[in-house]
Every structure is written in C-alpha cells, then in structure tokens.
Amino acid sequence: MSSDWLIPETRVLAVASHVVYGYVGNTMATFVMQSLGCEVAALNTVHFSNHTGYKQFKGTRATAQEINDLYQGLNQSHLTDFDVMLSGYAPSAAAVEAVGSIALDLRRKAENKPGSFFWVLDPVMGDQGRLYVNDDVVPAYKQAIRQADLILPNQFEAEVLSGIKISSLSTLAKAITVIHNTYNVPHIIITSVHLSELSQSTPTSYSNALTIIGSTTRSDGTPRLFRIDVPALDCYFSGTGDMFAALTVARLREAVVAAGAGLQTTKSWVSPDDVKATDLPLAQAAVKVLASMHSVLEKTMEARNAELRVLAAQDENTQGLSEEERLKQQHLRESKAAEVRLVRNVQFLRHPTVDFQAQEWKEEDIPAQL
C-alpha cells in the first residue's frame, strides 16, 4: 500500500441520489471516498439538478426496475467484487427493497469469506419529527436493515426504528438496545443528538454541541456505547449525512485493518467482548470522521459568509421585485452560498486534525434494566 494512501484498498458500491450542482448523495459520497483512495462505483437512485433544499429542482427518480437493471449489468460482466456497500436515499419502498436485494446478493457472494463484505446503510426517512418519504418506506427499511452491518440513523429515524421516543439518556440507551436486538444490527451510530435537550442529560464538552452516539454489540446483544461531542456550527448544510457516511466507510475500513487480520475475517467486523467502547474501530473511525467534517464545514461557513456579504452589497438588483419574489431570491442565494466547499478543502478529508475524543458511557449512565 502506498504511503500516500492511509486507507486500505477498498471497493465500494455507493447507492444514493445524484445532483448536477452541489454535493449531496453520491455526488458527495463518491468524491469523499475517492479522495481517500477508495474505488467507488456509483449507482444513482435519483438524478436531480440540485438538492431539494432549494425548494425547486428538475430531474427524475429511478424505479426499482432501473436500479435492478443497473446492478444486473454489473453482475453479468462480473463487476461486483465490492468490499463495502454504502446505501443512502431511495425514492420509494420498492427502491429500498431493490437495494436490499442487491445487498443480499453481494452477501451471498461473500458468505464463504467472513468479513469480506460489509453493508453501511443510512435509512433516510426523515428528520426533526417528520417523515419526508412515503409511509410504506418505513416497513421496507425495517426489513432491509436486518441485513445491514452498520446503520446511521439520525435521532428521529432511531425513534421510528425502535418505536421509542428519545427524551432522556435512558430512552436513548433503550432505543439503541432495541435496534440491536430487534434487527440484529451489529453496529449503530445515531447522528446529531442534542443531549442538552434531553432530560437526565450529562454536560457536553461545548456550550452548544452536537453529539453522536455509537455502539457495537457484544456477543450477548448488549451495547457498547460511546459518545463524541462536537461544537455546533450556526448554519444549515445539505449533504452532511452523506459526508459522514462516506468518511465512515473509509475510516472504519482503516481502523478494522489496523486492528489485525483476526477482525478483518470476523463476521460484521465485531470486536471481541473485552474491547471497551472507546477502543472500538467504530469509535476510532468516528473521531476522525468528525474532525474532517468540522474543518470542512468551518471553511464552508467562512466562504458562505463572505459570499453573502458580497451579495448583500448588490441588493439593489432585487429592487422592484415583489416581497414573495424577493424572499425566494434570498433563499436561493443562501442555499447556494451554503453548498459544502468540498474540493478546495480536500486536505481535511485526508489529514484531519483530531481534536475530539470518544467517551465511554459509564455503567451508572445506562439504566440497569432496559
């Protein structure tokens, strides 16, 4: 392996959305993983002009048949030697089922070599208390994640999957345990938890923090919980979930290989029970992932603010517009200015400055009975 590449050679099938402009879905994930040395085959589930946060876009959604056809095209030419599959947004329940069928086929191909195929699934269903997919997508995901090795739900999606309203540390721990046990998912990371908003909360490392909660199950099904706090940035960015997922693919693969050949050939890369939470490859990977993301997003916010200052000086161009049209133009400008500055900041993907630490949830922080 060349010293220029810290990530072991990894072949990834990335199944997610695609936009012509900006960085979300596969447009984000493919660049991120390729920048870290992964070979990526992108199977796009939608083709949009731009992300939906602009509130206007053009494009098409792939049908389940089209997704299956693309995979079968790879299959017939023997182009399915993937180490990892990363799946994100799917536009329908049938599309979720098609993606699940692809994962099952790849797992069957690898069943004689434990650890040689790993599925990272981001169950994109909604956020902040509401679904933005059709109701029938939820049961489709509940079926699909039973085959996944690692899932990356946000707090709302974790509530949907577990059936538990997360309102405290106790219910958060319970939701993770229920997901582990109900779906037999070995690894979970719940992204973007606001611990300060939960009862029974513990202080975070920053006055305004976002926290990710991760766990790798033990052999008895109990979770090994860790948390990482990062300072929240006062800006909304699109595509951050896709960046997190893509970086996690690369950094988890790196951490598993560093742990030795024994873990690489273990089903689902589950560490022995005596490995504590903060030493898990999942925790070590997440620390680097968040370091890269924070740096890229800080640089993006600086560029966004500079761009908006320039645009504010040109506001005479909006004179004569109706209030509705003026607000629309302002929203479009702000959405464009907040597009993640990925290419110019690729050095932070490759060489993050790690300032964050994983913390183990101590026994007294977890309810005795879940």
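It should be emphasised that the depicted structure is a prediction, and the values quoted were computed from it without experimental measurement.
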Checklist entry - If we only count heavy atoms from C-beta on, is the Thr222 to Thr177 side-chain gap below 4.5 Å? => result no
Item to check | Test side-chain contact (heavy atoms from CB on, under 4.5 Å) applied to Arg253 and Asp83, step by step | outcome: CA-CA 9 Å; Arg253 175 86 162 155; Asp83 304 298; 3.7 Å; yes
Item to check | Straight-line distance of Ile179 CD1 to Glu159 CD, nearest 0.5 Å | outcome: 10.0 Å
Item to check | Flag for Ser215-Arg224: side-chain donor and acceptor within less than 3.5 Å | outcome: no
Item to check | Pairwise side-chain contact, Asn26 with Val15, heavy-atom cut-off 4.5 Å (strictly under) | outcome: no
Show which side-chain atoms of residues 64-78 pair as donor or acceptor with protein atoms under 3.5 Å away, not counting sequence neighbours.
from, atom 1, to, atom 2, distance (Å)
Gln65, NE2, Asp69, OD1, 2.8
Glu66, OE1, Thr63, N, 2.8
Glu66, OE1, Thr63, OG1, 3.4
Asn68, ND2, Ala64, O, 3.3
Tyr71, OH, Asp105, OD2, 2.6
Asn75, OD1, Lys109, NZ, 3.3

Checklist entry - Are Arg304 and Glu334 ion-paired here, with the side-chain N under 4.0 Å from a carboxylate O? => result no
Item to check | Stepwise side-chain contact (heavy atoms from CB on, under 4.5 Å) test for Val193 and Leu210 | outcome: CA-CA 6 Å; Val193 177; Leu210 284 176; over 6 Å; no
Checklist entry - Which of these, Val160, Ile189, Asp127, sits in a side-chain contact (heavy atoms from CB on, under 4.5 Å) with Asn154? => result Asp127
Checklist entry - If every non-hydrogen atom of Phe156 is compared with every non-hydrogen atom of Gly126, which pair is closest and at what distance? => result CD2-C, 3.6 Å
Checklist entry - At their closest point, which heavy atom of Val270 faces which heavy atom of Pro186, and how far apart are they? => result CG2-CB, 3.7 Å
Checklist entry - Can Val340 be reached from Met301 by stepping across I, L, V, M, F, W or Y side chains whose heavy atoms are under 4.5 Å apart? => result yes
Item to check | salt bridge (Lys or Arg N to Asp or Glu O under 4.0 Å) contacts in which one or both residues fall within residues 272-286, not counting sequence neighbours | outcome: none
Checklist entry - Does the His331 side chain pair with the main chain of Arg326, one donor and one acceptor, at a distance under 3.5 Å? => result no
Item to check | Salt bridge Arg11-Glu39, side-chain N to carboxylate O under 4.0 Å | outcome: no
Checklist entry - Tyr89 and His18: aromatic ring centres closer than 6.0 Å? => result no
Item to check | Heavy-atom check, side chain of Met85 versus side chain of Ser87, under 4.5 Å | outcome: yes
Item to check | Spatial distance of atom CD1 (Ile213) from atom CD1 (Ile228) [nearest 0.5 Å] | outcome: 9.0 Å
Checklist entry - Any Lys/Arg nitrogen of Glu307 or Arg333 sitting under 4.0 Å from an Asp/Glu carboxylate oxygen of the other? => result no
Next on the checklist: Taking atom CG as the centre, does Asp234 end up with more than 12 heavy-atom neighbours from other residues, nucleotides or ligands that are less than 6.0 angstrom away?
Outcome noted: no
Next on the checklist: Check whether Arg350 reaches the backbone of Ser35 with its side chain - one donor and one acceptor, N or O, closer than 3.5 Å.
Outcome noted: yes
Item to check | Nearest heavy-atom neighbours spanning Leu86 and Ala29 | outcome: CD2-CB, 4.2 Å
Next on the checklist: For the backbone of Gly25 and the side chain of Asp242, can you confirm whether one donor and one acceptor N or O come within less than 3.5 Å of each other?
Outcome noted: yes
Item to check | Candidate pair Lys267 and Glu111, rule salt bridge (charged side-chain N to carboxylate O under 4.0 Å, His left out), full reasoning | outcome: CA-CA 9 Å; Lys267 184 179 184 295; Glu111 62 187 0; over 6 Å; no
Checklist outcome for this item: In Gln329, Glu325, Glu323, the residue satisfying side-chain contact (heavy atoms from CB on, under 4.5 Å) with Leu327 is Glu323
Checklist outcome for this item: Ala173 and Leu225 have their tightest heavy-atom pair at CB-CD1, 4.2 Å
Item to check | Worked verdict on Phe118 versus Leu252 for side-chain contact (heavy atoms from CB on, under 4.5 Å) | outcome: CA-CA 11 Å; Phe118 193 94; Leu252 180 57; 3.8 Å; yes
Checklist entry - Atom CH2 of Trp119 and atom CD1 of Ile145: how far apart are they, to the nearest 0.5 Å? => result 9.0 Å
Checklist entry - Would you call Phe31 and Val346 a side-chain contact if the rule is heavy atoms closer than 4.5 Å? => result yes
Item to check | Heavy-atom check, side chain of Lys113 versus side chain of Thr265, under 4.5 Å | outcome: no
Checklist entry - Would Leu311 end up clustered with Tyr21 when hydrophobic side chains under 4.5 Å apart are linked, directly or stepwise? => result no
Checklist entry - So, do Val12 and Phe82 sit near enough that their side-chain heavy atoms are less than 4.5 Å apart? => result no
Checklist entry - Hey, is the main chain of Glu339 close enough, under 3.5 Å, to the side chain of Arg341 for a donor-acceptor pair? => result yes
Item to check | Verdict with supporting geometry, Asp229 and Thr211, side chain to side chain donor-acceptor pair (under 3.5 Å) | outcome: CA-CA 4 Å; Asp229 301 328; Thr211 300; 2.7 Å; yes
Checklist outcome for this item: Closest non-hydrogen atoms of Ser192 and Gln155, given as atom of the first, atom of the second and distance, are O-OE1, 4.3 Å
Item to check | Val124 vs Tyr132, side-chain contact (heavy atoms from CB on, under 4.5 Å): CA-CA, chis, key distance, verdict | outcome: CA-CA 9 Å; Val124 181; Tyr132 43 64; 3.8 Å; yes
Checklist entry - To the nearest 0.5 Å, how far apart are CZ in Phe57 and OG1 in Thr52? => result 6.0 Å
Checklist entry - Less than 6.0 Å separating the ring centroids of Phe48 and His51? => result no
Checklist entry - Any chain of hydrophobic side-chain contacts (each under 4.5 Å) joining Phe237 to Tyr54? => result no
Item to check | Phe356 and His294 aromatic centres sub-6.0 Å | outcome: yes
Next on the checklist: Just so I know, are the side chains of Leu150 and Ile188 near enough to count as touching, which here means a heavy-atom distance under 4.5 Å?
Outcome noted: no
Next on the checklist: Has Thr278 got a side-chain atom pairing as donor or acceptor with Gln359's backbone, closer than 3.5 angstrom?
Outcome noted: no
Checklist entry - Ile7 and Cys38: which non-hydrogen atoms are nearest, and at how many Å? => result CG2-SG, 4.3 Å
Next on the checklist: Run the salt bridge (Lys or Arg N to Asp or Glu O under 4.0 Å) test against Arg146 and tell me which residues pass, sequence neighbours left out.
Outcome noted: none
Next on the checklist: Between Phe226 and Trp361, is the ring centroid distance below 6.0 Å?
Outcome noted: no
Item to check | His180 side-chain N/O to Val185 backbone N/O, donor-acceptor pair under 3.5 Å | outcome: yes
Checklist entry - Cluster question for you: counting only ILVMFWY and a side-chain heavy-atom cut-off of under 4.5 Å, with indirect links fine, are Leu104 and Leu121 together? => result no
Checklist entry - Rounded to the nearest 0.5 Å, what separation is found between the CG atom of Asn345 and the CD atom of Glu298? => result 10.5 Å
Item to check | CG-OG distance between Asp136 and Ser92, expressed to the nearest 0.5 angstrom | outcome: 7.5 Å
Next on the checklist: Could you check whether any side-chain N or O of Thr217 sits under 3.5 Å from a backbone N or O of Pro223, counting only pairs where one atom can act as donor and the other as acceptor?
Outcome noted: no
Next on the checklist: Less than 3.5 Å apart, any donor N or O on the side chain of Ser268 or Asp149 sitting next to an acceptor on the other?
Outcome noted: yes
Next on the checklist: Contact between Gln56 and Leu332 at the side-chain level, heavy atoms closer than 4.5 Å - yes or no?
Outcome noted: yes
Checklist entry - Do Val257 and Met33 share a hydrophobic cluster (ILVMFWY, side-chain heavy atoms under 4.5 Å, transitive)? => result no
